[in-house]
Amino acid sequence: MSFFFVLAVIILVFLIIFQIAKASEYVAVLKGEERARKENNKINGFFMIAFLIAGLIGVYWCNELLVDKTLLVHESASVQGEKVDEMLWVTLIITGIVFVITQAALFWFAYRYQESDKRKAFYFPHNNTMEIIWTVVPAIALTVLVVIGLRNWFSFTGDAPKDAMQIEVTGKQFGWIFRYAGDDGVFGKKYFRMIDPANNSLGLNWRDSTDINVKDDPAAHDDIVTEQTMYVVKNKPVKLIIGSRDVVHDVGLSWFRLKMDAVPGTPTTLWFTPKYTTKEMKESTHNENFQYEISCDQMCGNGHYSMKGVIEVVTQAEYDQWLAKQKPAYYAAFPEKDPSNIKPATPVSDTTKAATAKVPEDAAVIKKEKI
Ligand SMILES: [Cu+2]
């Protein structure tokens, strides 16, 4: 029903436009073609100026209405993001000035120099000097912007400072997995065929496997694996080693003004220094629910919208406290290897004697692994 209604409205609008065009044709014949055209020119010239003024008011009004919803009003929460903001502002100022001048000139000229009996249009097909000016000036401006951009890009994606924390970020359909290197400071090896969604989401080499020729890597035994929330420290550089388990995702960090693709099989890196803790941001934004969000900035499948990750920026003391509570993922997969699950070797009573009899054997296994 609604389809026929829409169709009827479209046909009606078409008929009205057709009739108006017909009517103006008859008017033109009655008044004389020339006079009608001149009148139309005047009306069009007026509309040009009206459109220019209404457009400028509209731009101002939209800005007033929506500027709070953009990130422009909030300072970058990372040191590197300040450089991105600088580039954004320089680009906005340059293009803004050019936009206002060219658009104002376009509409004003259309009004001011409309057809008149008092003057004749000057035939002006070519001018080498002007061609050179409007080629060279934008070329210089763009080169400067690109060079500044490249310098920043190489800095963010290049070597991180020596004291930087390292966190591995892996995108998957649909979520984020984070890995910390653990006590040894080394990320253990992983292999995609070792992935087990139940207890080895990254495919860490925790055991020998003859059928896929994987060797157990002790460096993977203390790696800490978390999902959805990543902890970093205020004022401490953090290097993200980014990858993906399936399709191309993208680590989008709008508050830090950074983003980087997560590509399967090709690790990418990015480093930044957070300036404010999550708690400080809650206060400065007057938003109790404030979170630093990781959004996936690539359309990666039908659950793309649900790929929200969270970055908790905390102080060093809070981070140490959090880290102390984390257990290596290896122990979750093999609880029998977890030293905290092993009961004291000395029997406390006769009744517990039988239960603890096995302990020295388990302890020996742990000891052997550490060697
Ligand atoms: Cu994604």
Side-chain angles (χ1 to χ4, degrees), residues 69-72 74 76-78 80-81 84-85 88 149 152-153 156-158 160 164-181 187-205 220 223-232 237-274 278 281 287 289-314 322 326 329 332-333:
K69 292 188 172 27
T70 69
L71 284 172
L72 289 174
H74 299 286
S76 157
S78 76
Q80 289 66 26
V84 178
D85 277 353
L88 184 68
N152 286 333
W153 170 260
F156 307 159
T157 57
M165 298 170 58
Q166 299 214 1
I167 302 174
E168 185 194 73
V169 181
T170 305
K172 62 163 183 175
Q173 286 177 319
F174 295 94
W176 299 102
I177 308 167
F178 307 107
R179 177 158 69 130
Y180 296 75
F187 289 106
K189 287 199 182 75
K190 57 181 184 176
Y191 185 58
F192 74 97
R193 288 177 74 176
M194 297 289 278
I195 290 174
D196 173 1
N199 59 20
N200 192 0
S201 57
L202 290 172
L204 301 181
N205 294 3
D223 289 1
I224 291 162
V225 177
T226 65
E227 294 213 3
Q228 297 312 101
T229 305
M230 171 167 97
Y231 280 75
V232 298
V238 52
K239 179 180 174 181
L240 305 182
I241 302 157
I242 300 165
S244 169
R245 220 174 67 170
D246 33 52
V247 299
V248 178
H249 300 273
D250 187 291
V251 179
L253 309 169
S254 55
W255 284 96
F256 302 111
R257 309 291 198 263
L258 298 166
K259 74 196 283 291
M260 177 58 78
D261 274 357
V263 187
T266 309
T268 48
T269 64
L270 184 71
W271 71 271
F272 65 97
T273 314
T278 302
M281 286 301 279
N287 177 7
N289 301 318
F290 175 86
Q291 281 180 328
Y292 285 118
E293 183 182 336
I294 305 176
S295 56
C296 179
D297 289 354
Q298 286 284 355
M299 290 293 284
C300 57
N302 57 7
H304 163 70
Y305 66 91
S306 63
M307 278 195 72
K308 181 185 174 184
V310 175
I311 298 185
E312 284 286 341
V313 181
V314 293
W322 170 80
Q326 304 307 309

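Computed from a prediction, not measured in an experiment: that's the story for all the values here. Order of listing sets the numbers, starting from 1, for every ligand and every atom in it.
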Sorted by chain and number, sequence neighbours left out, ring pair (Phe, Tyr, Trp, His ring centres under 6.0 Å) with Phe290 holds for Trp255, Tyr292

For the Cu ion (ligand 1), angle spanned by Met307 SD and Cys300 SG (nearest 10°) is 100°

Margin query: At a threshold of 2.8 Å, where the distance has to be below it, does the Cu ion (ligand 1) have an N, O or S atom of Met299 nearby?
Written below: no

Fit a plane to each ring of Phe174 and His249, take the angle between them on a 0 to 90° scale, and name the class: parallel (under 30°), tilted (30 to 60°) or perpendicular (over 60°). perpendicular

Per side-chain contact (heavy atoms from CB on, under 4.5 Å), Ile167 is matched among Ile242, Ile311, Leu240 by Leu240

Ignoring hydrogens and angles, tell me if any N or O in the side chain of Asp297 forms a donor-acceptor pair with the backbone of Asp250 under 3.5 Å. no

Do any of the N/O/S atoms of His249, backbone or side chain, fall under 2.8 Å from the Cu ion (ligand 1)? yes

